[in-house]
Participant: 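A single structure is presented below for examination.
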Protein chains: 2
Amino acid sequence: MGVTDHRAYHHGNLRAVLLAEAERTLREHGPDGLSLRELARLTGVSHGAPRRHFADRQALLDALAATGFARLADEMCAAIEETGPDYRTRLRAAAAAFVRFAVHDGALLDLMFASKTDGHHSALPEGAVRLFSAVGDLVRQGQQAQVLPRGDPERLRLLLIATLQGIAALITSGRAHADQTDDLLDDAVELFTR
Amino acid sequence: MGVTDHRAYHHGNLRAVLLAEAERTLREHGPDGLSLRELARLTGVSHGAPRRHFADRQALLDALAATGFARLADEMCAAIEETGPDYRTRLRAAAAAFVRFAVHDGALLDLMFASKTDGHHSALPEGAVRLFSAVGDLVRQGQQAQVLPRGDPERLRLLLIATLQGIAALITSGRAHADQTDDLLDDAVELFTR
DNA sequence: ACCTGAACACCGTTCAAGT
DNA sequence: ACCTGAACACCGTTCAAGT
């Protein structure tokens, strides 16, 4: 048990360890508390070592955002699938999963949505694609079931994501209390469904 | 004309000059391009001088956010008042003013909405209070005219602000093109009014 | 009252050198 | 292939000193 030499720790998984540590630091100390040097210190490696895995600080943040998208996509899909067939409750479950993520990892969510995607969409992380397509499916189902308003599903998808992110931002910024989450979600679902 | 000695420039308005320069830098180079030292350099003053006016970098950002709220409140109120009596067009004008601000000063808007207000609401800048009460008035008018859904106006106000901010975030982050702004606003107004 | 300039600790980034 | 450690330029913050 554990006779592998210490350097095994920094063998091929330093990248993963750095990402995990970065996510924790982000959650506990916010984005300003996240520095490459401190990260290297925490993982017991020299301050130049992360360079092998992330070209610069921005590259680390991008990778962090990518893992965040993947996890959010997982959680939203799981929330949808765990729910019964009633569309309203499915929509409500998806929205709740989004806000739950925002409350638990607000700084990470900011990072994910701050990443300028101005360039070609090829730069979109896989998790983001999965997330957006999941929301797209949800919208199309709602329109088919005639519980969501008619119209371009793409436009409705954008508006739904905007609403979810807006609610999340309200709570993570402290402009709305966590108590009001359920009310906001109820009102939002009520607004979209008719 | 202009016989006042050079030091008049740094006389009592250094604070205002710093704020103006900071807003410009924020608009042109983003939040990461904004440093106290660079700011001091740009205004031709020693790097320690801003300390007299802003206790630290965060204090400068807070002041910047406060001026941003004041301007946004002005612009939204003006947009509402310039519009005719039809409620839908008033709501649409207010929403458009918000998004216009977001497109022009996205980094500043992020700053305004990122400022943690966890503490007592006494810390809310005057402009923010004015902005929120303006939106509150708008919501109450819409409910009175029976064009907005019934229910707690406070909850509806929160949801409206969330939607506006979500749309703005979509555009400033590049996840939606500026072309889609009008569509998004149309859809949002359509969603809230019935 | 307001500003200067040196000082300190920290950071991101680069790069020659080690293994 | 991966990591170390010195180096460089930059930053925020503090503080004695000037006017």
Side-chain angles (χ1 to χ4, degrees), chain A residues 4-65 107-108 110-111 114-116, chain B residues 3-66 107-108 110-111 114-116:
Chain A
T4 61
D5 76 327
H6 326 116
R7 278 163 33 255
Y9 187 65
H10 322 284
H11 232 197
N13 58 344
L14 176 57
R15 188 192 141 95
V17 174
L18 285 171
L19 278 178
E21 201 65 49
E23 192 169 319
R24 209 172 56 86
T25 303
L26 199 60
R27 181 155 42 230
E28 293 178 3
H29 297 25
D32 293 343
L34 188 63
S35 89
L36 286 180
R37 287 180 109 104
E38 173 75 9
L39 219 52
R41 231 172 278 133
L42 285 173
T43 67
V45 91
S46 87
H47 70 260
R51 194 80 209 300
R52 286 293 128 185
H53 303 278
F54 304 103
D56 55 14
R57 186 186 138 94
Q58 189 55 50
L60 173 78
L61 297 184
D62 289 346
L64 220 44
L108 179 57
D110 286 345
L111 217 64
S115 65
K116 297 259 174 216
Chain B
V3 254
T4 60
D5 76 326
H6 325 117
R7 276 159 40 249
Y9 187 67
H10 321 282
H11 231 194
N13 58 343
L14 176 58
R15 188 191 141 94
V17 174
L18 285 171
L19 278 178
E21 201 66 46
E23 191 168 320
R24 209 173 55 86
T25 303
L26 198 60
R27 181 155 42 230
E28 294 179 4
H29 298 13
D32 292 343
L34 187 64
S35 89
L36 285 180
R37 285 180 111 105
E38 173 75 7
L39 220 54
R41 232 172 277 134
L42 285 172
T43 67
V45 91
S46 88
H47 70 260
R51 195 79 209 297
R52 285 294 128 185
H53 303 279
F54 304 103
D56 55 14
R57 186 185 138 96
Q58 190 54 50
L60 173 78
L61 297 184
D62 289 346
L64 221 43
L108 179 57
D110 286 345
L111 217 65
S115 65
K116 299 258 172 219

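Keep in mind that this is a model prediction, so the values were computed, not measured. In the text below, chain A, chain B and the rest are named by the order of the sequence lines, each starting its count at 1.
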Participant: Using whole Å, report how far CG of A:N13 lies from P of D:dC3.
Facilitator: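 Result: 9 Å.
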Participant: When the nearest nucleotide of DNA chain D is assigned to B:Q58 and to A:H47 on a heavy-atom basis, which residue is associated with the more 5' position?
Facilitator: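 The residue mapped nearer the 5' terminus is A:H47.
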Participant: Nearest-Å distance, CG (A:L39) to P (C:dT13)?
Facilitator: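 Answer to the nearest Å: 13 Å.
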Participant: Does A:R37 have a side-chain nitrogen or oxygen under 4.0 Å from the phosphate oxygens OP1 or OP2 of C:dG12?
Facilitator: no
Participant: Measure the shortest side-chain to side-chain distance between B:L60 and B:P50 over non-hydrogen atoms and say whether it is less than 4.5 angstrom.
Facilitator: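 When only atoms from C-beta onward are counted, B:P50 and B:L60 do not touch, as no gap falls below 4.5 Å.
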Participant: How close do A:L14 and A:A49 get, counting heavy atoms only, and between which atoms?
Facilitator: CD2-CB, 4.3 Å
Participant: Where do A:R15 and A:A63 come nearest, in terms of heavy atoms and distance?
Facilitator: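 Looking at all heavy atoms of both residues, the shortest contact is NH2-CB, 4.1 Å.
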Participant: Start at the 5' end of DNA chain C and walk down; is the nucleotide closest to A:S35 or to A:R52 reached first?
Facilitator: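 This one resolves to A:S35.
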Participant: Can you tell if the side chain of A:L42 reaches within under 4.5 Å of the side chain of A:E38, non-hydrogen atoms only?
Facilitator: yes
Participant: Side chain of B:A49: nearest nucleotide among D:dC11, C:dT4, C:dC11?
Facilitator: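 The answer is C:dT4.
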Participant: How many Å lie between CG on A:D32 and P on C:dG12, as a whole number?
Facilitator: 12 Å
Participant: Of the non-hydrogen atoms in B:A59 and B:A55, which two are nearest, and what is the gap between them?
Facilitator: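 In this case the closest contact between B:A59 and B:A55 is CB-N, 3.8 Å.
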Participant: Looking only at non-hydrogen atoms, find the nearest pair between A:L34 and A:L39 and report the distance.
Facilitator: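 Closest heavy-atom pair between A:L34 and A:L39: CD1-CD1, 4.0 Å.
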Participant: So A:R15, base contact, sugar-phosphate only, or nothing? Heavy-atom distance under 4.0 Å.
Facilitator: nothing
Participant: Quick one: B:L14 CG to C:dA1 C1', roughly how many Å, whole number?
Facilitator: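 Nearest whole value for this atom pair: 13 Å.
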Participant: Would you please confirm or rule out a distance under 4.0 Å between OP1 or OP2 of D:dC3 and any side-chain N or O of A:H53?
Facilitator: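 For A:H53, the contact criterion (side-chain N or O under 4.0 Å from OP1 or OP2 of D:dC3) is met.
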Participant: State, to 0.1 Å, how close A:A107 and A:P31 come at their nearest heavy-atom pair, and which atoms those are.
Facilitator: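 A:A107 and A:P31 have their closest heavy atoms at CB-CD, 4.0 Å.
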Participant: Please convert DNA chain C into dot-bracket. A pair counts if it is Watson-Crick or G-U wobble with both distances under 3.5 Å; crossing pairs go in [ ] and bases paired with another strand get |.
Facilitator: ||.|||||...|||||.||
Participant: Out of C:dC3, C:dT13, D:dT13, which nucleotide sits closest to the side chain of B:D56?
Facilitator: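 When the side chain of B:D56 is considered, D:dT13 is the closest of C:dC3, C:dT13, D:dT13.
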Participant: Which listed nucleotide (C:dT13, C:dT4, D:dT13) is nearest to the side chain of B:L36?
Facilitator: D:dT13
Participant: Distance check needed: C:dC11 P versus A:R51 CZ, whole Å only.
Facilitator: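 Whole-Å distance recorded here is 17 Å.
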Participant: Where the side chain of B:R57 is defined as all heavy atoms beyond and including C-beta, which of D:dT4, C:dC3, D:dT13 is the nearest nucleotide?
Facilitator: D:dT13
Participant: Can you measure A:H29 atom NE2 to C:dC10 atom P for me and round it to whole angstrom units?
Facilitator: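 The distance from NE2 of A:H29 to P of C:dC10 comes to 15 Å, rounded to the nearest Å.
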